[in-house]
**Student:** 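A single structure is presented below for examination.
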Amino acid sequence: MSIEGLRCDVPPRIEWWPVLLRGQLDPARVSDTGLAAYRSVDGGLVFLVNWKQGRAYYWSSTHAGA
């Protein structure tokens with residue numbers, strides 16, 4: 001999925017959340033880190049997965065500013 005125009009507004013108390021994935025997402029920078037974007041079947045969640053590192057992040061797209 002394209003993350004163009006997508007925001008991720010995580011609560012400030014989640015200190016471990018990557019800075020790259022806060023606020024307005026930059027598709028080129030996110031892609032450069034090896035993250036691939038996916039949307040859940042019902043469209044309620046956004047997933048960013050780095051398959052090589054075995055890391056993933058997900059959040060509700062209804063709270064992501066999408």
Side-chain angles (χ1 to χ4, degrees):
M1 75 170 260
S2 171
I3 60 169
E4 187 70 42
L6 189 64
R7 292 185 57 81
C8 181
D9 296 316
V10 297
R13 69 182 177 275
I14 303 179
E15 297 172 2
W16 53 266
W17 195 264
V19 173
L20 174 71
L21 302 180
R22 293 177 183 260
Q24 188 72 33
L25 300 182
D26 180 340
R29 286 185 62 209
V30 170
S31 178
D32 287 348
T33 65
L35 290 164
Y38 304 91
R39 187 174 300 277
S40 63
V41 173
D42 68 0
L45 295 174
V46 173
F47 298 88
L48 291 177
V49 181
N50 184 316
W51 295 105
K52 287 184 179 182
Q53 292 181 351
R55 294 178 188 252
Y57 304 93
Y58 69 95
W59 64 93
S60 170
S61 63
T62 58
H63 296 106

**Student:** In the single-linkage hydrophobic clustering (I, L, V, M, F, W, Y; side-chain heavy atoms under 4.5 Å), do W51 and V46 co-cluster?
**Tutor:**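 No.
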**Student:** For A28, is there any backbone N or O sitting under 3.5 Å from a side-chain donor or acceptor partner on S31?
**Tutor:**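 No, S31 side chain to A28 backbone: no donor-acceptor pair under 3.5 Å.
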**Student:** Any idea how Y57 and W17 line up, ring-wise: parallel (<30°), tilted (30 to 60°), or perpendicular (>60°)?
**Tutor:**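 Y57 vs W17 ring planes: perpendicular.
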**Student:** L48 vs R55, test: side-chain contact (heavy atoms from CB on, under 4.5 Å). Steps then yes/no.
**Tutor:** CA-CA 8 Å; L48 291 177; R55 294 178 188 252; over 6 Å; no
**Student:** Find out if a path of hydrophobic residues (ILVMFWY) with successive side-chain heavy-atom gaps under 4.5 Å connects L20 to Y58.
**Tutor:**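 As far as the 4.5 Å side-chain criterion goes, Y58 and L20 are not connected within one cluster.
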**Student:** Between L6 and C8, is a side-chain contact (heavy atoms from CB on, under 4.5 Å) present by the stated rule, with each step listed?
**Tutor:** CA-CA 7 Å; L6 189 64; C8 181; over 6 Å; no
**Student:** Where the side chain of N50 meets the backbone of A36, is there a donor-acceptor pair that is under 3.5 Å apart?
**Tutor:**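 No, the answer is negative, given that no donor and acceptor are paired below the 3.5 Å cut-off.
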**Student:** Would you give the length of the straight line joining atom CZ of R7 to atom CH2 of W59, rounded to the nearest 0.5 angstrom?
**Tutor:** 11.5 Å
**Student:** Would a single hydrophobic cluster contain both I3 and V19, if residues Ile, Leu, Val, Met, Phe, Trp and Tyr are joined by side-chain heavy-atom contacts under 4.5 Å?
**Tutor:** no
**Student:** Looking at side-chain heavy atoms only, is the closest gap between R39 and L45 below 4.5 Å?
**Tutor:**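 Side chain of R39 against side chain of L45, heavy atoms only: no contact under 4.5 Å found.
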**Student:** Do L35 and L21 make a side-chain contact, defined as non-hydrogen atoms from C-beta onward lying under 4.5 Å apart?
**Tutor:**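 Side-chain contact under 4.5 Å: yes.
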**Student:** State, with a plain yes or no, whether a side-chain heavy atom of V10 is found less than 4.5 Å away from one of R22.
**Tutor:**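 They are in contact (side-chain heavy atoms under 4.5 Å apart), so the answer is yes.
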**Student:** Where is the tightest heavy-atom contact between E4 and P27, given as atom of each residue plus distance?
**Tutor:** OE1-CG, 3.4 Å
**Student:** What residues, two or more places apart in sequence or in another chain, satisfy ring pair (Phe, Tyr, Trp, His ring centres under 6.0 Å) together with Y38?
**Tutor:**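 Applying ring pair (Phe, Tyr, Trp, His ring centres under 6.0 Å) to Y38 gives none.
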**Student:** Mind checking side chain to side chain contact (heavy atoms under 4.5 Å, CB included) for E15 and listing every partner two or more places apart, or none if nothing turns up?
**Tutor:**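 Once residues adjacent in sequence are excluded, E15 has no partner under the side chain to side chain contact (heavy atoms under 4.5 Å, CB included) criterion.
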